[in-house]
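Below is one structure, written out as structure tokens; the observations come after it.
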Amino acid sequence: MSSNLRKPLIAGNWKMHLTLAESVALARTVKEGSANAPGEIAICVPFTALSVVAEVLKGSPVKLGAQDLHWESHGAYTGEISASQIKDAGAQMTLIAHSERRRLFNETDAAVNKKIKAALAAQLIPVLCIGETLEEREASRTFKVLQTQLEEGLKGFAPTDLAPLVIAYEPVWAIGTGKTATPDQAQEAHLFIRKTCSRLYGEAWASGLRILYGGSVTPENVDSLMSQPDVDGALVGGASLKPVGFLRIVHFQSPAGAKR
Ligand code: 13P
């Protein structure tokens, strides 16, 4: 499997944090501190901060993302935001199916599938989040859960449609808990995801697919995670709110030649 195709991606997920002034300040720090980083960088911010952060990031390679979207392009959907509105606010990507949305807002794989379609239609990079709960891992159901989330979420596309897609493997038990997956656990899951994607949409697509790890990524553990052959980046929650730590994560170090 060729791995030279995959440029690493480090994405911050700010979740429901920061005022507009704090968002502008953090975005500015990320922009200024990310020169010479080994991969691409993105920050996924609350809807309300998209426009102001877009202004800060103008002309910078740092990508801007939303954290969710609605699948319809417009209409009577009070409280929802469409892909074209996100694009119009200046974003280039969006998270989809974060486990907090699946768990707290009952997001189903069928809805996830429609959201991926809507993001692609609006030329937003979809970052599809998948991952198992602790209960599922302990019942040896991790692979089954990942397989279902992939098969249902990615149903009905052609491989060419999915070219921009990114997958984030976020074991639910590792999110916000300080319990990171070991590099071996992350590699095992990422390899399974890549093989499943290869079976679904062919090896050419799967070998170019970027698979990020998320769940208690810190400046201390990012290098060992990024050293794994199928870990192509990180989706960072809590640590993305701390400027010095996030910049260290963005400047991760891994053995040369593994993926880049
Ligand atoms: P933490 O990095 O805070 O564990 O959050 C991970 C996450 O949910 C990123 O989307």
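We're numbering straight along the sequence, starting at 1. Remember, it's 1-based here, ligands and their atoms both numbered in the order they're listed. Being a predicted model, the structure only gives us computed values, none of them experimental. Hydrogens, waters and symmetry mates are skipped; everything else that's a heavy atom, side chains included, is used.
Closest non-hydrogen pair, W205 versus C197, comes out as CZ3-CB, 3.6 Å.
A salt bridge between K7 and E40 is absent, with no side-chain N of the basic residue lying under 4.0 Å from a carboxylate O of the acidic one. The existence of a salt bridge linking R210 and D230 is excluded, since no basic side-chain nitrogen approaches an acidic carboxylate oxygen closer than 4.0 Å. Here K15 pairs with E100 in a salt bridge; the nearest charged N to carboxylate O distance falls below 4.0 Å. Of the charged side-chain nitrogens involved, none lies within less than 4.0 Å of a carboxylate oxygen, so that D109 and K115 do not count as a salt-bridged pair.
If you look at I175 next to ligand 1, the close heavy atoms, those under 4.0 Å, come from the backbone and the side chain alike. With a 4.0 Å heavy-atom cut-off, ligand 1 is reached by the backbone of A174 but not by any atom from C-beta on.
Residue contact check: N13 has heavy atoms under 4.0 Å from atoms 9 (C), 10 (O) of ligand 1. Applying the 4.0 Å criterion to heavy atoms of L235 picks out, from ligand 1, the atoms 9 (C), 10 (O). Residue G215 has at least one heavy-atom neighbour below 4.0 Å for each of these atoms of ligand 1: 4 (O), 6 (C). If you number the atoms of ligand 1 from 1 as listed, the ones under 4.0 Å from a heavy atom of G176 come out as 1 (P), 3 (O), 4 (O).
S198 contributes no side-chain N or O that, together with a main-chain N or O of R194, makes up a donor-acceptor pair within less than 3.5 Å.
For A239, the closest heavy-atom approach to ligand 1 does not fall below 4.0 Å. For S216, the heavy-atom gap to ligand 1 drops under 4.0 angstrom.
Of the protein's non-hydrogen atoms, the one nearest atom 2 (O) of ligand 1 is G237 N, 2.9 Å. Here the heavy atom of the protein found nearest to atom 5 (O) of ligand 1 is K15 NZ, 3.3 Å. Nearest to atom 7 (C) of ligand 1 among the protein's heavy atoms is E170 OE2, 3.2 Å.
The shortest N/O to N/O separation between G238 and ligand 1 falls below 3.5 Å.
By the 30° and 60° cut-offs, the orientation of the rings of F143 relative to F192 is parallel.
Residues L200 and V112 share a single hydrophobic cluster, defined by chaining ILVMFWY side chains whose heavy atoms lie under 4.5 Å apart.
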